[in-house]
Chemist: 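Here it is, the structure in full.
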Amino acid sequence: MTDGKIFNLRMEGNVGIVTFDMVSDVMNTWTEEAFASFHEVLEIMEKDETIKGVIFISGKPDNFFAGANLKMIEEMNEEREIIKTIDLFHDSFRRLTKLKYPTLAAINGHCLGGGLEFALACTARIAKESKTTVIGLPECNVGLFPGGGGTQRLPRLIGYPAIELILQGKMLPAAKAHEAGIVDQLVPAAGDLLEESQSFMQEIISGTAELKRPEQDFSQVDAAAEQARQGALKATKGRELPAHMLAIRSIQEGLKVPLDDALEIEKKNFVEVVLSHEAKGSINTFFIKSMTDKPKSMMTGGFVPKPLKKAAVLGFGTMGRGIAIEILRNMQIPVIIKDIPEALEPGKAFLRKTFDGMAEKKRLKVPVDDLMNLITTTSEYTDEFKEVDIVVEAVFEDIKVKEQVYGKLSEVVKDDCVISSNTSSLPITTMSQYVKNPERFGGTHFFSPVWLMQLVEIIRGEKTNQDTIDNLLNFAALIRKRPVVCRDNPGFVVNALLFPYFLNSMKYIEEGNTIEKVDRAMTGFGMPVGPIRLNDEVGIDVTYKVFVGMGIEQKTMKNMVEDGRLGLKKSEKGWFLKDGSVDPDALLLIDKKEPKERTEEEIQMELLTEMVKVGKDLLDRKVVDDPRMIDVGMVWGVGFPPDKGGPMKWSDLIGLSEKLFGKSFY
Ligand code: NAI
């Protein structure tokens, strides 16, 4: 054994066993160091005349190879650099395919991206059916495509189904990968992967192994590529994402020529994709997702969270219901829910119906009855509140109601109980005066519907202590939410960025631009809905009230609210009709101003620039400490296109940050 190296070759009889392990990392990834070590064993393998076959197996129990290092790819901005890296992949794997004897990838755990491309360059693949074994080419999910031979070797092995696997970035468990023809043999979870690999290798050497290598007919590749292109465009509502478009082009052109030429085509397209803003944006989204996937990692190091054994929710309306659902289904702890007597039964009926729906879709770990039995509903602050560890308040958005609620609540809960408000617009610091222990009071601002929206803003009032923030982060982890931590601020983070967005969209229609055009400007950018549709969905009265609170008189919205047009969902009347078209009657309520025709591009740029300016202001005022918090909020709270990486990252990528503020946010 060559100790200290990533790749190590040893002989067992006439078969070489190459183990690989990047000891200081959780995952094996293709770095320059990994390639250098790989080349050392390759050289020995190329020269040794006695070797009859080689097995590649990871030294890690649950990771074969996780692919290329994304950080490394994100930082690549030079064509030359990218070509050099891709040549490294292509040349290394080509050398592997040119060996005079068979090679076998013995897969356990993640075998993804450049990891699968490595395995595809081997003669055959064997995989262990463990829970952690996933096999696929997920590059398109991060704005790239498989550029280490994946777009060429996978279709040549399994035919047209490879296109879908690549475009959708699918990751298959071992058995599915076997069914698809990627893996030749399976090893049961309890089996010994190395032993099974050795006997499989002997079969391969002797020619008795059953390796299905059907002749692929690619005469219909143009039609298949066109179908794939249409599917990809449908998924993005017509936006051409470089990852998908260039993957399709690589496959379509590459399958018509010999492999070596095809790899050159793949390389040329890969350079283009790596340099695209969409790749950099998507990789940023991947990183900010990883950062917030585990809220506990955002807690102060060494913090031991307070055990949460019992919770209370105040208010059994839209939000209280949603919050109770998330606590019950994720934590399975007793929850007391308080509201007026008339609200209790409808609230419970709603929870049961929602749980039934989740159970039908197999999204519940426990029977519905067990969850319903954990609920106590009440209209009084009973003694039971004494046992509660956390209270989430979601009563009417009225400071007087909140004051009264907190006063009474403080009399019954124990001193170390954590209390949070789901307010969308009232200052946490103001409300903290009404609780007995303001340091244990903070904000948890959820988004509706709570069980579908991943985001929660955790708000630090002036008096909120760090333990409370850490406990709320722990709570977010337990109910599986993605947190943004911020300081008290009108609209916190997400709504603060949305205020000018809504306000300007009204300005455009008042100037005579059509609602369709204004919305299209943003759906064209990749937002799931345009600003006017979003306003309609959030509730026109909700935004209107916020503007009033900020001293802004928005006449068009006032007219809408006074006409009972609170939004299609809320009052069956708003900007749109049920068929999706604009309601002509709503147009009569627009407070017309001097006409000013704007292009979609102008509207898009102005709306986004205003968003970025608010983001900059939040950073300057230390409402957030990190631009990533703003981007997390906008991607998961509003659906900002993941391929743009969030408004702050997007602004950096297109050079707007530099132009406006002289520097980048990241
Ligand atoms: P809602 O009107 O649907 O529900 C409020 C509930 O509070 C009602 O059932 C009411 O009977 C109850 N309530 C009133 N006084 C009470 C008291 N003294 N004790 C216990 N219950 C009392 O309102 P919604 O939409 O659920 O909003 C609740 C809070 O969540 C508000 O602060 C709102 O700003 C905030 N919020 C709302 C969002 C939304 O999309 N609706 C989004 C994020 C936050």
Side-chain angles (χ1 to χ4, degrees), residues 70-71 74 141-143 277-300 326 420 422 424 428 442-460 469-470 472-499 501 525-528 534 538 608 611-653 656-657 664-666:
L70 276 184
K71 193 90 218 141
E74 192 199 20
N141 298 341
V142 285
H277 288 161
E278 287 82 354
K280 312 263 184 222
S282 303
I283 293 175
N284 189 57
T285 300
F286 174 83
F287 286 136
I288 59 175
K289 178 178 179 296
S290 310
M291 177 181 77
T292 47
D293 266 344
K294 294 197 168 63
K296 286 189 185 178
S297 66
M298 294 164 73
M299 295 187 323
T300 310
E326 288 304 72
S420 76
N422 181 49
S424 41
I428 296 299
T444 43
H445 181 230
F446 292 92
F447 292 74
S448 182
V450 184
W451 59 94
L452 294 181
M453 298 294 286
Q454 291 182 27
L455 195 73
V456 61
E457 287 173 317
I458 295 182
I459 303 119
R460 188 195 298 269
I469 296 298
D470 287 336
L472 291 175
L473 281 168
N474 176 49
F475 178 54
L478 293 170
I479 61 171
R480 306 179 62 167
K481 292 289 159 207
R482 189 176 298 287
V484 158
V485 180
C486 65
R487 288 189 181 78
D488 218 352
N489 176 61
F492 310 123
V493 173
V494 173
N495 286 337
L497 267 77
L498 285 180
F499 294 152
Y501 188 64
F525 179 75
M527 292 293 222
L534 183 64
V538 168
L608 290 163
M611 242 185 215
V612 172
K613 284 184 183 165
V614 176
K616 167 77 164 62
D617 178 54
L618 296 186
L619 284 162
D620 288 348
R621 290 192 293 112
K622 304 243 177 292
V623 173
V624 286
D625 300 326
D626 188 329
R628 293 180 298 177
M629 285 287 99
I630 301 171
D631 287 341
V632 169
M634 295 310 280
V635 172
W636 284 279
V638 185
F640 198 91
D643 54 281
K644 303 285 199 284
M648 309 315 274
K649 182 70 187 185
W650 168 81
S651 169
D652 282 359
L653 287 171
L656 183 66
S657 326
S664 290
F665 293 111
Y666 276 77

Chemist: Please report the closest heavy-atom contact between Met648 and Pro627, naming both atoms and the distance.
Modeler: CG-O, 4.0 Å

Chemist: Set out, in order, the CA-CA distance, both residues' side-chain angles and the distance that settles side chain to side chain contact (heavy atoms under 4.5 Å, CB included) for Met291 and Met629, then state yes or no.
Modeler: CA-CA 10 Å; Met291 177 181 77; Met629 285 287 99; 3.6 Å; yes

Chemist: Quick one: which residue pairs count as a side-chain hydrogen bond (donor to acceptor under 3.5 Å, both in side chains) with a foot in residues 623-632, not counting sequence neighbours?
Modeler: Arg487-Asp625, Asp626-Arg628, Asp631-Tyr666

Chemist: Going by side chain to side chain donor-acceptor pair (under 3.5 Å), Lys289 matches just one of Thr292, Asp293, Thr285. Which one?
Modeler: Asp293

Chemist: Kindly determine whether Lys622 and Leu619 satisfy side chain to side chain contact (heavy atoms under 4.5 Å, CB included), including the steps that lead there.
Modeler: CA-CA 5 Å; Lys622 304 243 177 292; Leu619 284 162; over 6 Å; no

Chemist: Of all the heavy-atom pairs spanning Leu472 and Ser420, show the shortest one and how long it is.
Modeler: CD2-CB, 4.1 Å

Chemist: Between Asn495 and His445, does a side chain to side chain contact (heavy atoms under 4.5 Å, CB included) hold up when you go through it step by step?
Modeler: CA-CA 11 Å; Asn495 286 337; His445 181 230; 3.6 Å; yes

Chemist: Taking Lys280 for its side chain and Glu74 for its backbone only, find out whether a donor-acceptor pair lies under 3.5 Å.
Modeler: yes

Chemist: Distance from Glu326 atom CD to Leu452 atom CG, nearest 0.5 Å?
Modeler: 8.5 Å

Chemist: Is the shortest side-chain heavy-atom distance between Trp650 and Val612 below 4.5 Å?
Modeler: yes

Chemist: Of all the heavy-atom pairs spanning Pro483 and Val632, show the shortest one and how long it is.
Modeler: O-CG1, 4.3 Å

Chemist: Is there a side-chain contact between Leu608 and Leu656, using heavy atoms and a 4.5 Å cut-off?
Modeler: no

Chemist: Nearest 0.5 Å, please: how far is CZ in Phe475 from CD1 in Ile458?
Modeler: 9.0 Å

Chemist: Looking at every non-hydrogen atom in both residues, tell me the closest pair between Ala476 and Pro295 and how far apart they are.
Modeler: C-CG, 4.2 Å

Chemist: Can you name the nearest heavy-atom pair linking Leu497 to Ile630, along with the distance?
Modeler: CD2-CG2, 3.7 Å

Chemist: How long is the span from the CG atom in Asn422 to the CD1 atom in Ile459, to the nearest 0.5 Å?
Modeler: 8.5 Å

Chemist: If every non-hydrogen atom of Gly645 is compared with every non-hydrogen atom of Ile288, which pair is closest and at what distance?
Modeler: O-CD1, 4.3 Å

Chemist: Is a donor on one side and an acceptor on the other found under 3.5 Å between the side chain of Asp470 and the backbone of Thr300?
Modeler: yes

Chemist: Under 3.5 Å, sequence neighbours excluded: what are the donor-acceptor pairs made by side chains of residues 633-644?
Modeler:
from   : atom 1 : to     : atom 2 : distance (Å)
Asp643 : OD1    : Arg239 : NH2    : 2.9
Asp643 : OD2    : Arg239 : NH1    : 3.2
Lys644 : NZ     : Phe525 : O      : 3.3

Chemist: Go through Leu473 and Lys296 one step at a time and tell me if the side chain to side chain contact (heavy atoms under 4.5 Å, CB included) criterion holds.
Modeler: CA-CA 6 Å; Leu473 281 168; Lys296 286 189 185 178; over 6 Å; no

Chemist: Mark yes or no: Lys481 above the aromatic ring of Phe447, with NZ or CZ under 6.0 Å from the six-membered ring centre and no more than 45 degrees from the axis.
Modeler: no

Chemist: Whether the side chain of Glu457 engages the backbone of Phe492 through a donor-acceptor N/O pair (distance < 3.5 Å, no angle test) should be reported.
Modeler: no

Chemist: To the closest 0.5 Å, what do you measure between CG (Leu498) and CG (Leu534)?
Modeler: 6.0 Å

Chemist: List the steps, then state whether side-chain hydrogen bond (donor to acceptor under 3.5 Å, both in side chains) holds for Ser651 with Ser657.
Modeler: CA-CA 5 Å; Ser651 169; Ser657 326; 2.7 Å; yes

Chemist: Is any side-chain heavy atom of Ser448 closer than 4.5 Å to one of Met453?
Modeler: no

Chemist: Can you check whether Asn141 reaches Phe286 side chain to side chain, under 4.5 Å on heavy atoms?
Modeler: no

Chemist: Just wondering, do Val485 and Met298 contact through their side chains at under 4.5 Å, heavy atoms?
Modeler: yes

